[in-house]
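Have a look at the structure below, then the notes.
Atom set for the values below is all heavy atoms of this structure, side chains included, hydrogens, waters and symmetry mates excluded.
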Amino acid sequence: MEVYAGCVTDRGNYREKNQDRAVCHVRQNGHSVLAAACVCDGIGSFAHSETAAEMVTKGITRWFEGVKDLFPEVMDADMLREDLEMTIRELNELVYTYRNEQDPQVGCTMSVMLLTNADYQLFHVGDSRICRVNGGLWPMTRDEVSMAEVNGRVKPLLANFIGKSDTLWVNKLSGTVEENDRFLLGSDGLFKKLTYEDVEEETGKIRSGRQAQKACERLLKRVMDRDEKDNISCILICVQSVTED
């Protein structure tokens, strides 16, 4: 099995700082593939929300570094999924405690994809998004928002985010990848002005990690050229082939 990935995040055209964070890690060893990708979008109305995004993505990176050499001989896919979910819940508690004891102006969305050979597991909180690219951009996650009146205007507000409560409601989805599958993870700043034609044109012939990285950079540039005002994060995971054991 071959998997190629790219990852990029940028403050965009207008924001003074980048409150997004994005990480993607891939470990390939013979026929075995382990990958973990995470995008977090700091809540714009919170002044220091990038702190929460940083805490979560660094936590996912630490988790991956700790387990990458254990799969599949020591930890199988089920063990990894359970361990990652426990880590995510611990990270939420960490952010929640930080909000209550140090700074209430932190909180973020979180969308995580775990790939264990040909199986995937998604963990999702908030309104960042994971899409499957297959004749269109097909959302695999659902935006967790509610409509509310703010200053006389009805607008969408996050109904769920990391750090909102010490008990986390996390949406999960599992499935199997197929040859030539492509998955796009991003903050909402990526998807507002992105089309399927953009993604198909840039990702249709990915044959290396370097090409996947360049595709992410070009997708980000397309969105910025269309005058997107938000921070932008983009992770691309391409499954080039699937080998059965």
Exercise for the section: May I ask you to decide if the ring planes of His25 and Phe64 are parallel, tilted or perpendicular, using 30° and 60° as cut-offs? Expected result: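 It falls in the parallel class, under 30°.
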Exercise for the section: Give a yes or no on this: more than 12 heavy atoms of other residues, nucleotides or ligands lie within 6.0 Å of atom CZ of Arg226. Expected result: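 Yes, because the 6.0 Å sphere around CZ of Arg226 holds more than 12 heavy atoms from other groups.
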Handout entry: Enclosure of Lys221 NZ (heavy-atom neighbours >12, cutoff 6.0 Å)
Key = no
Which residues satisfy the side chain to side chain contact (heavy atoms under 4.5 Å, CB included) test with [X], sequence neighbours excluded?
| X | value |
| --- | --- |
| Glu54 | Arg21, Lys58 |
| Lys214 | Arg210, Glu217, Arg218 |
| Arg207 | Gln211, Gln240 |
| Thr176 | Ala118, Asp119 |

Same cluster for [X] and [Y] if Ile/Leu/Val/Met/Phe/Trp/Tyr side chains link at under 4.5 Å?
| X | Y | value |
| --- | --- | --- |
| Phe123 | Met140 | no |
| Val125 | Leu158 | no |
| Val112 | Leu94 | yes |

What I'd like to find out is whether the side chain of [X] reaches to under 4.5 Å of the side chain of [Y], using heavy atoms alone.
| X | Y | value |
| --- | --- | --- |
| Ile88 | Met110 | yes |
| His48 | Tyr98 | no |
| Leu173 | His124 | no |
| Cys131 | Phe191 | yes |
| Leu185 | Met113 | yes |
| Phe46 | Phe161 | yes |
| Asp10 | Asn231 | no |
| Val199 | Leu184 | yes |

So which heavy atom on [X] is nearest to which on [Y], and how close?
| X | Y | result |
| --- | --- | --- |
| Asn117 | Phe71 | ND2-CZ, 3.7 Å |
| Gly189 | Asp230 | CA-CB, 4.0 Å |
| Thr116 | Leu80 | CG2-CD1, 4.0 Å |
| Ser165 | Asn92 | O-ND2, 2.8 Å |
| Val26 | Ala35 | CG2-CB, 4.0 Å |
| Asp20 | Gly42 | OD1-N, 4.2 Å |

Give, for atom [atom1] of [X] and atom [atom2] of [Y], the distance between the pair rounded to the nearest 0.5 Å.
| X | Y | atom1 | atom2 | answer |
| --- | --- | --- | --- | --- |
| Thr203 | Leu219 | OG1 | CG | 7.0 Å |
| Glu202 | Cys216 | CD | SG | 10.0 Å |
| Thr51 | Gln105 | OG1 | CD | 10.5 Å |
| Ser32 | Glu73 | OG | CD | 7.0 Å |
| Gln19 | Cys40 | CD | SG | 12.5 Å |
| Lys193 | Met224 | NZ | CE | 13.0 Å |

Exercise for the section: Take Val177 and Leu115 through the side chain to side chain contact (heavy atoms under 4.5 Å, CB included) test and state the conclusion after the steps. Expected result: CA-CA 9 Å; Val177 301; Leu115 193 65; 3.6 Å; yes
Fill in the blank from the handout: Cluster membership besides Tyr14, Ile/Leu/Val/Met/Phe/Trp/Tyr side chains within less than 4.5 angstrom, sorted by chain and number, is none
Side-chain donor or acceptor of [X] paired with backbone N/O of [Y] under 3.5 Å:
| X | Y | value |
| --- | --- | --- |
| Asp181 | Glu178 | yes |
| Arg129 | Arg142 | no |
| Glu228 | Leu190 | no |
| Asp83 | Met79 | no |
| Ser187 | Ser233 | yes |

Handout entry: Polar side chain donor-acceptor pair, Asp198 to Thr195, under 3.5 angstrom
Key = yes
Problem - Working for side chain to side chain contact (heavy atoms under 4.5 Å, CB included), residues Leu236 and Val133 - result: CA-CA 10 Å; Leu236 176 66; Val133 184; 5.6 Å; no
Practice task
Check the pair Glu50, Asn18 against side chain to side chain contact (heavy atoms under 4.5 Å, CB included), reporting the backbone distance first and the verdict last.
Solution key: CA-CA 7 Å; Glu50 68 276 6; Asn18 188 3; over 6 Å; no
Exercise for the section: Report the residues that fulfil side chain to side chain donor-acceptor pair (under 3.5 Å) with Arg99, sequence neighbours left out, ordered by chain and then residue number. Expected result: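 Expected list: none.
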Exercise for the section: Using side chain to side chain donor-acceptor pair (under 3.5 Å) as the criterion, point out the one residue from Asp41, Thr109, Thr141, Asp188 that pairs with Ser128. Expected result: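 In the set Asp41, Thr109, Thr141, Asp188, the residue that makes a side chain to side chain donor-acceptor pair (under 3.5 Å) with Ser128 is Thr109.
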Problem - Criterion side chain to side chain contact (heavy atoms under 4.5 Å, CB included) on Leu114 and Trp63, from CA distance to verdict - result: CA-CA 12 Å; Leu114 174 67; Trp63 175 84; 3.9 Å; yes
